[in-house]
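The structure displayed is predicted, hence computed values, not measured ones.
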Amino acid sequence: QVQLVESGGGLVQAGGSLRLSCAASGRTFSSYAMGWFRQAPGKEREFVAAISWSGSSTYYADSVKGRFTISRDNAKSTGYLQMNSLKPEDTALYYCAGEPRGSYKLPDEYDYWGQGTQVTVSS
């Protein structure tokens, strides 16, 4: 079993930055890949970024490429999402997820989820 807890969300002005954290417990953190997703009101959950178990491979949605950076510290069992140049359209509830069984871009492929942390970007 894996437990994931996100933190670091908040209210920020457009152009600002936030760093989200995802603290993992349970199974050895370095044994699985992880991803970040987001869901705005009235919209489906969408892929944001993913990272391999070692951190050597990263993947991004086109909408965040060049602005967001995913990383992980396996010694601390924590994943991160650094978000720069934030836009109002980045406003959403952000979730971290662990252990994709197939495509890292599909929420249904992940077995473990955190409770989410709210990010609100004002214009």
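Looking at every heavy atom in both residues, Ser123 comes nearest to Ala14 through CA-CB, 4.4 Å. Between Cys22 and Trp36, the shortest heavy-atom contact is CB-CZ2, 3.6 Å. For Asn84 against Ser17, the heavy-atom pair with the smallest separation is OD1-OG, 2.9 Å. Phe29 and Ser77 make their closest contact through CD2-CA, 3.5 Å (heavy atoms, listed as atom of the first residue, atom of the second, distance).
Proximity of a side-chain donor or acceptor of Glu6 to a complementary backbone N or O of Gly116 within less than 3.5 Å is detected. Judged purely by atom type and a 3.5 angstrom limit, Asn74 uses its side chain to pair as donor or acceptor with the backbone of Trp53. Looking at Thr91, its side chain does come within 3.5 Å of a backbone N or O of Val121 through a donor-acceptor pair. Here the side chain of Thr120 pairs no donor or acceptor atom with the backbone of Leu11 at under 3.5 angstrom. In this structure, Arg101 contributes its side chain and Asp108 its backbone to a donor-acceptor pair below 3.5 Å.
Using modelled atom types, one finds no donor on one side chain facing an acceptor on the other under 3.5 Å when comparing Ser30 with Thr28. Asp73 and Thr78 are not linked by any side-chain donor-acceptor pair at a separation below 3.5 angstrom, with hydrogens and angles left out of the test. Using modelled atom types, one finds a donor on one side chain and an acceptor on the other under 3.5 Å when comparing Ser25 with Gln3.
Counting heavy atoms from C-beta on, the side chains of Glu99 and Arg27 come closer than 4.5 Å. Between Met83 and Arg67 there is no side-chain heavy-atom pair separated by less than 4.5 Å. The shortest side-chain heavy-atom distance between Val119 and Leu20 falls under the 4.5 Å cut-off. The shortest side-chain heavy-atom distance between Val48 and Tyr60 does not fall under the 4.5 Å cut-off. Residues Leu18 and Leu86 are in side-chain contact: their nearest non-hydrogen atoms beyond the backbone lie under 4.5 Å apart.
Between the OH atom of Tyr112 and the CE atom of Met34 there is a distance of 14.5 Å, given to the nearest 0.5 Å. Taking OG of Ser21 as the reference point, atom CG of Leu4 lies at 12.5 Å (rounded to 0.5 Å). Remark: Arg38 CZ to Glu89 CD distance equals 8.0 Å, nearest 0.5 Å. Between the OG atom in Ser57 and the CD1 atom in Ile51 there is a gap of 8.5 Å [rounded to 0.5 Å]. One finds the CG atom of Leu106 at 13.0 Å from the CD atom of Glu46 (value rounded to the nearest 0.5 Å).
Salt bridge status for Asp90 with Lys87: absent, with no side-chain N to carboxylate O gap under 4.0 Å.
Residue Tyr110 is found in a hydrophobic cluster whose other members, listed by chain and number, are Phe37, Phe47, Tyr59, Leu93, Tyr95, Tyr104, Trp113; membership requires side-chain heavy atoms under 4.5 Å apart, directly or through intermediates.
Seen from the ring of Tyr80, Arg72 does not count as a face-on cation partner, given the 6.0 Å and 45° thresholds.
Under a cut-off of 6.0 angstrom, the local environment of CD in Gln1 is sparse, with at most 12 non-hydrogen atoms contributed by other residues, nucleotides or ligands.
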